[in-house]
There are 2 protein chains.
Amino acid sequence: MRNNREERREGLRERLLAVTTARIESQGLSQLKARDITAEAGCALGALYTAFGDMDELVMRVNTATLIRMRELIAPVKGETPVARLQAQARAYIAFAMEHPRLWAALFEFQLSPERALPDWMQAEQEALMGLIAGPLAQVFPALPPEDLLIRVRIFFGAVQGAVQLALQDRFIAVPRARLDAEITALVEALCRGFAS
Amino acid sequence: MRNNREERREGLRERLLAVTTARIESQGLSQLKARDITAEAGCALGALYTAFGDMDELVMRVNTATLIRMRELIAPVKGETPVARLQAQARAYIAFAMEHPRLWAALFEFQLSPERALPDWMQAEQEALMGLIAGPLAQVFPALPPEDLLIRVRIFFGAVQGAVQLALQDRFIAVPRARLDAEITALVEALCRGFAS
DNA sequence: CCACAAGAATGAACGACGTTCAATAATAAA
DNA sequence: TTTATTATTGAACGTCGTTCATTCTTGTGG
């Protein structure tokens, strides 16, 4: 049975992914150890390397799954206007970040070795997430050529992401949820109104 | 001679700081090793721990020095209006980030263990850097109460920082320097005009 | 049902890392 | 010069990710 083999292999992969996701969510990326993961998953240390190339790949699989979860949350968000839609999307982003702070933090705490290439499947998901705001942004800036829109999307996404990150992980100035929502909503409004279309 | 002792001790500290700074700048934070640093500084491995508590403290000293360098570059920047000044400050920030990309990246790549407190001297320098934009921002938003201004400063700083970071470290969409300057200048303009004062 | 080849799982071993500390060397005091 | 104090040293330690010879399991042909 070829089937049986691949099923077992896939089962191990899924168990490892689930355990790793749970451990990142409960203790953070920095506390992640291969020995803890395999012990909790009920397999040998070396088994991890039969399912994934290395720890980096495992973490990137978890992060990609996180990006997918975020995309599935943000994609259906609607709005009466393109701007209202972008604002609602930003609030959905905040909601996820506050609900799963360590999973969300792992997205940027993880640093791939500089010489290694980002896997296609992760790059694709990053672009898919950014693609969610490309549509509304194209409506807000109808005169912008496609290649300029790519840059604008990144500036926009980076601005929202950076503001949320600084607000949420600042240890000294606690920003209440409602206040953060209001600030980021205003931020999106400002970006849409203020940029040259 | 008490003097002689402290001088030697301080000399070692400065040599280690200089070597660490140079190594971060040339190879990045991820390639930093205690053995390399002490070998290049001409001291024993253990000597590092007579000068600094651990590697984290050494890196935070370098990062704090980087924050100081940035502040010294940004502080004298003037502008005809508060908004123009903020824009010029943002461009100075970009200039530093592009001139010293790995030193700049080390500022957010470094992650202090969650249970450890950020040292006062680093927190103070972070606040000093943010304080540079508090003045102009207070002029732009004169009606904002002081405690709300603290939050606004963080949203503002985070947005610029996030946009620059995503633009500079994106491996697929290269944003030319002139274009980044223009985008961030527009971003600052939009933030100042768009937010409720 | 058995024997056997192919593949998967195992965990001891490896090398690299940050950190520690008993031993040594250097320095100031007597 | 002798002695007490302090600074420096680098071997050793514990922990980590990763590898790989060995063992066990599984699917197949007689």
Side-chain angles (χ1 to χ4, degrees), chain A residues 1-21 23-24 27-63 106 109-116 119, chain B residues 1-21 23-24 27-63 106 109-116 119:
Chain A
M1 288 190 213
R2 169 56 45 104
N3 241 3
N4 208 336
R5 293 224 155 157
E6 287 182 7
E7 272 173 29
R8 290 171 58 84
R9 187 181 172 77
E10 197 55 36
L12 175 62
R13 278 179 66 93
E14 281 168 21
R15 255 186 307 142
L16 287 170
L17 274 174
V19 168
T20 305
T21 303
R23 294 192 79 90
I24 290 178
Q27 307 181 270
L29 181 63
S30 65
Q31 298 301 317
L32 204 64
K33 321 280 172 198
R35 284 169 177 78
D36 294 343
I37 294 170
T38 51
E40 190 177 337
C43 67
L45 179 56
L48 192 151
Y49 297 89
T50 69
F52 299 95
D54 56 11
M55 284 285 285
D56 280 2
E57 188 196 323
L58 176 54
V59 171
M60 284 191 291
R61 290 288 179 188
V62 171
N63 278 351
E109 284 174 8
F110 173 75
Q111 301 279 343
L112 189 58
S113 304
E115 71 276 9
R116 294 181 57 178
Chain B
M1 289 190 214
R2 168 57 44 103
N3 239 1
N4 207 336
R5 293 218 157 160
E6 288 183 5
E7 273 174 27
R8 290 169 59 86
R9 186 182 173 78
E10 197 56 36
L12 176 62
R13 278 178 67 93
E14 281 169 21
R15 256 186 306 143
L16 287 170
L17 274 174
V19 168
T20 304
T21 304
R23 293 192 80 91
I24 291 178
Q27 307 180 267
L29 182 64
S30 66
Q31 298 302 315
L32 204 64
K33 321 281 172 197
R35 284 169 176 78
D36 294 343
I37 294 170
T38 50
E40 189 175 337
C43 65
L45 179 57
L48 192 150
Y49 297 88
T50 68
F52 299 94
D54 56 11
M55 283 285 284
D56 281 2
E57 188 196 322
L58 175 55
V59 170
M60 285 191 291
R61 290 288 178 188
V62 171
N63 278 352
E109 284 174 9
F110 173 76
Q111 302 279 342
L112 190 57
S113 304
E115 71 275 10
R116 296 180 56 177

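In this text, all values refer to a predicted model and were calculated from it rather than measured experimentally. Letters A, B, ... are given to chains in the order of the sequence lines, protein chains preceding strands, and every chain is numbered from 1. What's counted below: heavy atoms across the whole structure, side chains too, no hydrogens, waters or symmetry copies.
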Taking only residues two or more places apart in sequence, or in another chain, which ones meet B:Arg61 in a side chain to side chain contact (heavy atoms under 4.5 Å, CB included)? B:Arg13, B:Leu17, B:Phe52, B:Glu57, B:Trp121
Please collect all salt bridge (Lys or Arg N to Asp or Glu O under 4.0 Å) contacts where either partner lies in residues 37-55 of chain A, sequence neighbours excluded, each pair once. A:Arg23-A:Glu40, A:Asp54-A:Arg116
Degree of bending, the helix from C:dC1-D:dG30 to C:dA30-D:dT1 (end axes from five pairs; round to 10°): 20°
In whole angstrom, give the distance that lies between atom CZ of A:Phe52 and atom P of D:dG17. 15 Å
Does anything in residues 12-19 of chain B reach DNA chain C, meaning a heavy atom under 4.0 Å, and if so which residues? none
Could I get the full list of salt bridge (charged side-chain N to carboxylate O under 4.0 Å, His left out) partners for B:Glu14, not counting sequence neighbours? none
Side chain to side chain contact (heavy atoms under 4.5 Å, CB included) filter on B:Ser30, not counting sequence neighbours, yields A:Pro114
Round to a whole Å and report the spacing from CD of B:Glu10 to C1' of D:dA7. 16 Å
Shortest non-hydrogen contact from B:Thr38 to B:Ala44? CG2-O, 3.5 Å
Report yes if the side chains of A:Met55 and A:Ile37 come closer than 4.5 Å at any heavy-atom pair, otherwise no. yes
I want to check something: taking the side chain as every heavy atom from C-beta on, are A:Leu12 and A:Thr50 in contact at a cut-off of under 4.5 Å? yes
Can you confirm whether A:Leu29 sits close enough to B:Gln111 that some side-chain heavy atom of one is under 4.5 Å from a side-chain heavy atom of the other? no
Can you build the contact string for nucleotides 10-20 of chain C? Use B for base contact, S for sugar-phosphate-only contact, and - for no protein heavy atom under 4.0 Å. BB-B---BBBB
Looking at B:Leu16 and B:Cys43, what are the two nearest heavy atoms and their distance? CD2-SG, 4.1 Å
Check: B:Leu112 main-chain N/O paired with B:Asp56 side-chain donor or acceptor under 3.5 Å: no
